[in-house]
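I have placed the structure first, in the form of structure tokens, so that the comments after it can refer back to it.
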Amino acid sequence: MARYNFRETEAKWQRIWHERRLFESAAEPGRPKYYVLEMFPYPSGKLHVGHVRNYTMGDLVARYRRAQGFNVLHPMGWDAFGLPAENAAIAEHTHPALWTGENIRTMRAQLQRMGFAYDWSREIATCHPEYYRHEQKMFLDFLAAGLAYRKESWVNWDPVENTVLANEQVIEGRGWRSGAIVEKRLLAQWFLRITAYAEELLDALSGLDRWPERVRLMQEHWIGRSEGARVVFQVAGREERIEVFTTRQDTLFGASFLALSPNHPLAQRLAETDPTLAEFIAECNRIGTSEAAIETAEKRGYPTGLDAVHPFDPSRRVPVWVANFVLMEYGTGAIFGCPAHDQRDLEFARKYRLPVLPVVLPPGADPASFAVGEDAYIEDGTLYNSDFLDGLSVTSAKRAAGERLEALGRGERTIAWRLRDWGVSRQRYWGCPIPVVHCGACGIVPVPERDLPVTLPQDVSFAEPGNPLDRHPSWKHVACPACGRPAQRETDTLDTFFESSWYFLRFCSARSAEAFERATVDYWMPVDQYIGGVEHAVLHLLYSRFFTRALTRCGYLDLAEPFAGLFTQGMVCHQTYQSGTGDWLFPEEVATDAEGRIVDDAGRPVVTGRTEKMSKSKKNVVGLDAIVDTYGADTARLYLMSDSPPERDLEWTETGIEGTWRYVNRLWRLVDEPAIALPPAGTAIPAGLAPAAAALRRATHKTILAVTEDLDQFRFNRAVAHLRELSNAIEEFPAETPGAGHALREGLETLVRLLGPMMPHLAAEMWQRLGHGDVLALVPWPEADRDLARDTLVTIAVQVNGKLRGTLDIERDAEKGAVETAALALPQVSRWLDGNKPRKVIVVPNRIVSIVA
RNA sequence: GCGGACGUGGCGAAACGGUAGACGCAGCAGACUUAAAAUCUGCUCCGGGUUUCCCGGGUGCGGGUUCGAGUCCCGCCGUCCGCACCA
């Protein structure tokens, strides 16, 4: 029996697609377009099967939309700047550019072997000056527009990567890549003013109706809008004032202390003359607020000895503390504490024996006896002990207190955001240089546009830790562009998320001398279907939304949202294995012995661990090359689409890929060894076929409808199931049926066309084998004949008292009365009715008859 | 702690409120083979019975709505993910 020769076939069709430039596209104003994009990869080395699931999905969508007649843009490129290249340079004594280039060559070849329909003429790598020169210009435009700025601030310092991280890159107090506990450092850094768009980025989320709800919620929380008030407290007997932010201005009469962040300017100033306070602050910064959150929730404070004047009652004073749980980065860096109605304040007050004065009375509680115990009362209630607020609800009291603050000039209602500005400075070599010069006389001077790009020096050393740009003997020394005196280049480079924030625009006109051509961007954007991992929910996806708006503000384009549709795919998982000594083992290093035990090469027992996301560190990876060598690209592609819903994790198993390989061969035999002779391609199908042939036609057209719907809704696993049902129907088709050849040819051709987006090589070869001279990739998506797809007979379930008692085969759309009569006539039904008349009969057309006895 | 998602056979999973388990994996039995692989046929939720069929139970647990609930509502339990001293 002939096996399908994927090696020859896949190479053949890849050559034909390439030679005919089938997947290169150009903007065609007026023609409907479809921009499909998968999050571009970081060129880290070799691909494993887990890497290609989302590219397979993207390719499926691209080929499907192309068959539907859309002008499809489906590009690929490389997110090529980043720290792993530097680490490799250190470990392997190579250069980041060489290492990156080598990886790109390897991974490009791997993607090409998968037969993905990319327009390779648009390939980009972000580490090339032809790419990053444009973002240097963007940076300068942001600077001019006030969207980029430099400030000294407390930043997240990763002690392993020796660089600053953005808030979005700190996960549970640790660096997102290194896993090192992040420290706080006060540094002068470049920031992008993403907070200027906080409201817009939040409001526009509701319009992203083709985004997963989960991602929108994550962004909503990340942006974190809180309505409240800014309240000004005068420090008693001093000039200073302390501003706090609160969402509970209604509870101001319950205030029993003010707390400053250790990094609050007033706290810093007081520490200059108070060594104990200075030591307390130093300790807070040493531990770091985020680590403290992980280790212990203990609240610690230090009384400054100052008192603040209550804004509503000048005769009242509240002590001013410095407290470790107050963040300088949120609100104003200072709070007022109302222990009765805030759990955190309560814990602090209990520890330092500060008064707990309730001002919100729970419904039905007795004002004379109500007291707060272990838990602060945070629900709604009626204000009391609160002067002019007495008797109001929490909501009304918030309004009244806010109005009074505004009238007194001691505050105002305002909104606080959790979102902070995006810190983009990185103290690393392998990134885009920030195009500014520091001049002793002129300060910060932008590099003039005519001098762009500022390129990275090639001759750098990674022998010592720290930033090679800073150590380079000559690179940073330049004349000030403004005054000509000796000055120094900025040696920080941009966060690599800067590159990925606009690459989708560059793809629209990848070879343009400008960043992108306005007309092509206007045609192709927004991306119709974006596909990638959920790990970028508040990183890349938020930055890109901001960046698109910032570019619009600077006149580059006219667009707010870059990604109209988003799909976040699940991960590919594999069982993990460990040797007796605890070392991780690759799947190919283990086997099952005669007794069914899992053993290693030497026959020693292996510990099987949980199934986890494929990762090099746990060695539970399956190399892409090995799979393509053994089974071919199409088998891998189909398997990746078939076993789990695309948004859920997929477990890769050897038996699973083998099962798919068997199916591929079954498909091949359908055309290689057809059961009966088929009429020539293009023969019209005669009317009035035998029932069996009509049944196959019905199955065929039903499959078109089902698969089309499945692909539209990203239900690829169901699409595969429907295709397998059709191939089962074709295999079981009785060949001796009159007119069989016509129905069989239609079934096979339809199957092949529907398979095209998933298994493009096999389908193309089958199409040719069926006698077609054209290339399947250019054949339109099949259209279903709804009349042919409709059943003439339907099977209706019959329930008595909610239990299934029988089924009824009856003409489709039969009269309700006739269905009821037929159902009641069923012997199983009369047995359960026991001679009685039914109390009620419900007929759902073509579905069910429900009889109540 | 807050927010979200998800709990269905031995496994991956299907099921507009309408016949639970489609499609596949694994397993079992058989055919073809000297044999193996490949291929093909049949069986496979659990319990019971008078066994071409019938009865009962079954979608994490407990309630509810409905002629009818895996699906909707309320309350639990569990798993995973995100955020986490955000004032």
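Quick note: numbers below take in every heavy atom, side chains included, and nothing from hydrogens, waters or symmetry partners. Proteins come first, then strands; the chains are lettered A, B, ... in the order of their sequence lines, and each starts at number 1.
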Students often get this wrong, so: under 4.0 angstrom with heavy atoms, is A:Arg662 touching a base, only sugar-phosphate, or nothing? sugar-phosphate
Ion pair check, A:Glu709 and A:Arg715, cut-off under 4.0 Å: yes
Can you measure A:Glu647 atom CD to B:rA13 atom P for me and round it to whole angstrom units? 10 Å
A:Val852 vs A:Gly656, nearer the 5' end of RNA chain B by closest nucleotide: A:Gly656
Does A:Arg418 make a side-chain N or O approach to OP1 or OP2 of B:rA84 shorter than 4.0 Å? yes
Identify whether any heavy atom of A:Thr807 sits under 4.0 Å from a base atom; if not, whether one sits that close to sugar-phosphate; answer base, sugar-phosphate or nothing. base
Scanning all shown strands, the Watson-Crick or wobble mate of B:rG10 with both distances under 3.5 Å is B:rC25
Just checking A:Trp222: base, sugar-phosphate only, or nothing, at a heavy-atom cut-off of under 4.0 Å? sugar-phosphate
Sugar-phosphate atoms are those with a prime plus P, OP1 and OP2; base atoms are the rest. Using that split, label each nucleotide of nucleotides 1-12 of chain B B, S or - for protein heavy atoms under 4.0 Å, 5' to 3'. --SS-------S
Within the 4.0 Å heavy-atom criterion, would you say A:Val844 contacts the bases, only the backbone, or no part of the nucleic acid? base
Specify the separation, in whole Å, of atom OH of A:Tyr663 and atom C1' of B:rA26. 20 Å
Just call it for A:Trp832: base, sugar-phosphate, or nothing, with non-hydrogen atoms closer than 4.0 Å on any strand. sugar-phosphate
Roughly, in whole Å, what's the span from CG in A:Leu539 to P in B:rG82? 12 Å
So A:Asp345, base contact, sugar-phosphate only, or nothing? Heavy-atom distance under 4.0 Å. nothing
Hey, does A:Asn801 reach any base, or is it just sugar-phosphate, or nothing, if we go heavy atoms under 4.0 Å? nothing
N-O pairing of A:Glu243 and A:Arg241 below 4.0 Å: no
Separation between the C1' atoms of B:rG10 and B:rG27, rounded to whole Å: 8 Å
Any side-chain N or O of A:Asn846 below 4.0 angstrom from OP1/OP2 of B:rG18? no
Answer yes or no: is there an ion pair linking A:Glu347 with A:Arg350, defined by an N-O contact shorter than 4.0 Å? no
Taking every non-hydrogen atom, the tightest pair across A:Leu793 and A:Glu811: CD2-N, 3.7 Å
Within 45 degrees of the ring normal and closer than 6.0 Å to the centroid, is that where the cationic atom of A:Arg418 sits relative to A:Trp222? yes
Can you tell me whether the base of B:rG47 sits syn or anti, using the 90° cut around 0 to define syn? anti
Under 30°, 30 to 60°, or over 60°: which ring-plane class applies to A:Phe348 and A:Phe257, parallel, tilted or perpendicular? tilted
Reckon A:Lys299 has a side-chain N or O less than 4.0 Å from the OP1 or OP2 of B:rC85? no
To the side chain of A:Asn717, which of B:rA14, B:rC67, B:rA87 is closest? B:rA14
Kindly give the heavy-atom pair with the smallest separation between A:Val232 and A:Pro311, and that separation in Å. O-CB, 4.1 Å
Suppose you measure atom P in B:rA69 against the same atom in B:rA14; what distance do you get, rounded to whole Å? 23 Å
Could you go step by step and tell me if A:Asp342 and A:Leu346 meet the side chain to side chain contact (heavy atoms under 4.5 Å, CB included) rule? CA-CA 6 Å; A:Asp342 182 283; A:Leu346 183 64; over 6 Å; no
Applying the Watson-Crick and G-U wobble criteria at under 3.5 Å, what pairs with B:rC40? Answer none if nothing qualifies. B:rG30
Specify the separation, in whole Å, of atom CZ of A:Arg420 and atom P of B:rA87. 11 Å
Re B:rC45: Watson-Crick or G-U wobble partner, both distances kept under 3.5 Å, found to be B:rG57
Check whether any side-chain nitrogen or oxygen of A:Lys803 sits under 4.0 Å from OP1 or OP2 of B:rG57, and answer yes or no. yes
Determine, for A:Tyr663 and A:Arg724, whether the Lys NZ or Arg CZ falls below 6.0 Å from the six-membered ring centre while staying within 45 degrees of the axis. yes
Using a 4.0 Å heavy-atom cut-off, does A:Arg847 contact any base of the nucleic acid, only the sugar-phosphate backbone, or nothing at all? base
Measuring to OP1 and OP2 of B:rG56, would you say a side-chain N or O of A:Arg805 lies under 4.0 angstrom away? yes
Rounded interatomic separation in angstrom, taking CG from A:Leu723 and P from B:rG24: 12 Å
Using the C1' atom in both, what is the distance from B:rC11 to B:rU44, to the nearest Å? 14 Å
What's the CD1-P distance between A:Ile796 and B:rG18, to the nearest Å? 15 Å
Between A:Met218 (CE) and B:rC80 (P), how many Å, whole number? 17 Å
State the pairing partner of B:rC67; accept Watson-Crick or G-U wobble contacts with both distances under 3.5 Å, and report none otherwise. B:rG18
Along RNA chain B (nearest heavy atom to each residue), the more 5'-positioned of A:Ile851 and A:Gly659: A:Gly659
